[in-house]
Amino acid sequence: MADKFSVEDKDKNSLAKDVPSPVTISKLTPNTVYSGWLATKNDGDAMLTIPDQTTLPSKPSMTLTAGTKQFTANVKLATGDGSAPITKAVISYKNGDNDAKTKEFDKPMDLSSLVVDGLADGTDYDATVVVSNASGDSGASDSVSVTTTTAS
């Protein structure tokens, strides 16, 4: 007979009861740190404190504001995402059929003002963003477009 496990949260609420491994916990909030969980083997022999777990961030959204030889991205986390720190944001951008380029922002303090510079004036760009936390990467945002302004 396969081993079965039960999992409780820090408040002793049952998250899973007598289920085989791997145990899946549903209805978690994306981009949230969960701590203080305890797993118990069904025969009562073993108890394990589960280390802090962080759920992946949901797919973000982004708007772009044009500038001369640059654009500024305003990245919004999905509604309902929790408060796990975002450790990285990567903006992928390209113009026309050219290969995509990326700009990485490590530990961004403000997701509303990520500047991608060194671009051509008066040029159309398509961009997406992926955000990351301690557990990994979100899905890519929907693509958005911007045309850089021309210096006067």
Side-chain angles (χ1 to χ4, degrees), residues 5-16 19-40 47-152:
F5 299 86
S6 295
V7 178
E8 293 179 342
D9 67 13
K10 66 182 178 182
D11 298 320
K12 305 292 184 210
N13 296 311
S14 178
L15 302 172
V19 296
S21 180
V23 177
T24 300
I25 308 298
S26 60
K27 298 183 183 175
L28 300 178
T29 301
N31 200 45
T32 301
V33 177
Y34 290 91
S35 60
W37 290 5
L38 186 67
T40 308
M47 241 189 253
L48 170 70
T49 300
I50 301 172
D52 288 358
Q53 300 292 310
T54 303
T55 53
L56 291 172
S58 297
K59 178 175 98 170
S61 62
M62 177 172 63
T63 57
L64 303 176
T65 303
T68 305
K69 297 188 181 197
Q70 69 179 27
F71 62 77
T72 301
N74 180 1
V75 178
K76 298 272 188 202
L77 298 180
T79 301
D81 264 15
S83 58
I86 296 299
T87 57
K88 181 172 54 173
V90 178
I91 296 176
S92 298
Y93 60 96
K94 68 181 219 160
N95 66 323
D97 292 330
N98 294 326
D99 290 338
K101 296 181 181 180
T102 60
K103 180 149 185 192
E104 190 170 305
F105 300 86
D106 285 323
K107 298 181 183 171
M109 299 304 288
D110 183 3
L111 291 171
S112 68
S113 58
L114 304 177
V115 177
V116 175
D117 53 11
L119 306 175
D121 281 348
T123 303
D124 297 332
Y125 289 91
D126 295 314
T128 61
V129 66
V130 172
V131 294
S132 305
N133 65 18
S135 287
D137 302 337
S138 70
S141 68
D142 292 338
S143 182
V144 291
S145 299
V146 67
T147 302
T148 55
T149 58
T150 303
S152 333

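Taking each heavy atom of Tyr125 and Leu119 in turn, the nearest pair found is OH-CB, 3.5 Å. Residues Thr149 and Ala66 approach most closely at CG2-CB, 4.1 Å, considering heavy atoms. Here the shortest heavy-atom pairing between Val23 and Ala16 reads CG1-CB, 3.8 Å. Nearest heavy-atom pair, Ile91 versus Ala73, reported as atom, atom and distance to 0.1 Å: CD1-CB, 3.6 Å. Closest of all the heavy-atom pairs between Gly80 and Thr29 is O-CG2, 2.9 Å. In terms of heavy atoms, Ala89 sits closest to Val129 at CB-CG2, 4.4 Å.
No hydrogens or angles considered: a donor-acceptor pair under 3.5 Å links the side chains of Ser58 and Asp81. In the model, Asp121 has no side-chain atom that pairs as donor or acceptor with a side-chain atom of Thr148 under 3.5 Å. If you check the side chains of Ser61 and Ser141, you find no donor sitting under 3.5 Å from an acceptor. A donor atom on one side chain and an acceptor atom on the other are not found under 3.5 Å apart for Ser112 and Asn74.
Within a 6.0 Å sphere centred on NZ of Lys69, heavy atoms belonging to other residues, nucleotides or ligands number 12 at most.
Under the 3.5 Å distance criterion, the side-chain polar atoms of Ser92 are left unmatched by any main-chain donor or acceptor of Thr102. Tyr34 contributes no side-chain N or O that, together with a main-chain N or O of Lys10, makes up a donor-acceptor pair within less than 3.5 Å. Within the 3.5 Å criterion, the main-chain N or O of Asn13 finds no donor-acceptor partner in the side chain of Asp11.
Taken to the nearest 0.5 Å, the CG atom of Asn98 stands 11.5 Å off from the CG atom of Asp126. Between the CE atom in Met62 and the CG atom in Leu114 there is a gap of 9.0 Å [rounded to 0.5 Å]. Gln70 contributes atom CD, which lies 10.0 Å from atom OG1 of Thr65 (distance to the nearest 0.5 angstrom).
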> Checking side-chain hydrogen bond (donor to acceptor under 3.5 Å, both in side chains) for the pair Thr128/Ser143: CA distance, chi angles, key distance, verdict?
Replying inline: CA-CA 5 Å; Thr128 61; Ser143 182; over 6 Å; no
> Can Lys59 and Asp142 be said to form a side chain to side chain contact (heavy atoms under 4.5 Å, CB included), step by step?
Replying inline: CA-CA 9 Å; Lys59 178 175 98 170; Asp142 292 338; 2.8 Å; yes
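Just one of Ile50, Leu15, Val19 meets the side chain to side chain contact (heavy atoms under 4.5 Å, CB included) condition when paired with Ile25; it is Leu15. The side chain to side chain donor-acceptor pair (under 3.5 Å) test with Asn133 singles out one residue from Thr87, Thr54, Asn31, and that residue is Asn31.
Ion pairing between Lys103 and Asp117 holds under the 4.0 Å rule for side-chain N and carboxylate O.
Using cut-offs of 30° and 60° on the angle between ring planes, the pair Tyr93 and Phe71 is perpendicular.
Put simply, the side chain of Leu111 does not reach to within 4.5 Å of the side chain of Phe105, judged on heavy atoms. A 4.5 Å side-chain heavy-atom check between Asp124 and Asn95 finds every atom pair outside the cut-off. Within the 4.5 Å cutoff, the side chain of Ser138 has heavy atoms near those of the Pro60 side chain.
Asp97 meets the side chain to side chain contact (heavy atoms under 4.5 Å, CB included) test with no other residue; sequence neighbours excluded.
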